[in-house]
Amino acid sequence: MTRIPRPDVPVVAVAASLAAVALLVTLVWWQPRSIVAVVLALLCVLLVMIAGVSVTEGRHRREEARERGGDEPAQWSGQPVARLSDVDADTLEALDSRDLRAMRERRQGASGFSDR
């Protein structure tokens with residue numbers, strides 16, 4: 001199943017806002033006295049709500065990205081982070097102490113300081 005990419009949030013908000021302004025200008029300039037005026041007003045309200053919801057969704061996404069960004073350290077591409085917590089008990093029993101020491105040294109990095 002292929003995922004359909006969702007349009008970017010600011011694009012949706014700007015498009016809905018412009019359409020709402022266009023409908024509002026049309027409504028004020030034309031001044032229809034029938035059901036058309038009600039339909040145009042309802043469409044204007046709907047477009048304003050779509051713009052508001054898309055802006056709120058964009059803010060929510062940014063907040064989630066900030067929260068996720070602070071939890072994990074930035075990783076270099078191509079360099080997997082090997083942690084002892086990522087290794088299960090059976091693997092730890094099978095590893096030699098030299099292998100564990102090598103994993104610990106890789107974890108400390110080139111500076112020699114541990115990230116703990």
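The basis for the numbers below is simple: all heavy atoms, side chains too, and nothing from hydrogens, waters or symmetry mates. Numbering starts at 1 and runs along the sequence shown. Only a predicted model underlies this, so the values are computations on that prediction, with no experimental measurement involved.
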Chemist: By side-chain contact (heavy atoms from CB on, under 4.5 Å), which residues pair with S17, not counting sequence neighbours?
Modeler: A51

Chemist: List for me each residue that meets side-chain contact (heavy atoms from CB on, under 4.5 Å) alongside A15, sequence neighbours excluded, and say none if there are none.
Modeler: none

Chemist: Indicate if I35 and L27 have the same hydrophobic cluster label, given that clusters are the connected sets of ILVMFWY residues with side-chain heavy-atom separations under 4.5 angstrom.
Modeler: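 Same hydrophobic cluster.
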
Chemist: Taking side-chain hydrogen bond (donor to acceptor under 3.5 Å, both in side chains) as the test, write out the residues that go with E64, two or more places apart.
Modeler: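 H60.
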
Chemist: Using the rule that Ile, Leu, Val, Met, Phe, Trp and Tyr join whenever any side-chain heavy atoms are under 4.5 Å apart, tell me whether V39 and W29 fall into a single cluster.
Modeler: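 Yes; W29 is reachable from V39 via cluster members.
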
Chemist: State which residues pass side-chain contact (heavy atoms from CB on, under 4.5 Å) with A19; sequence neighbours excluded, sorted by chain then number.
Modeler: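 With sequence neighbours excluded, A19 shows a side-chain contact (heavy atoms from CB on, under 4.5 Å) to L47, given in chain and number order.
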
Chemist: Taking atom CG of L46 and atom CD1 of I50, what is their separation to the nearest 0.5 Å?
Modeler: 4.0 Å

Chemist: Out of curiosity, L43 CG to L24 CG, how far, rounded to the nearest 0.5 Å?
Modeler: 12.5 Å

Chemist: How close do L23 and C44 get, heavy atom to heavy atom, and via which atoms?
Modeler: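 That closest heavy-atom pairing would be CD1-N, 3.9 Å.
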
Chemist: May I ask you to list the residues sharing a hydrophobic cluster with L18, side-chain cutoff 4.5 Å, ordered by chain and number?
Modeler: V14

Chemist: Suppose we screen for side-chain contact (heavy atoms from CB on, under 4.5 Å). Which residues come up paired with V55, at least two apart in sequence or across chains?
Modeler: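 By the side-chain contact (heavy atoms from CB on, under 4.5 Å) rule, V55 matches A13, R59.
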
Chemist: Is there a chain of hydrophobic side chains (I, L, V, M, F, W, Y, each step under 4.5 Å between heavy atoms) that links V28 to W30?
Modeler: no

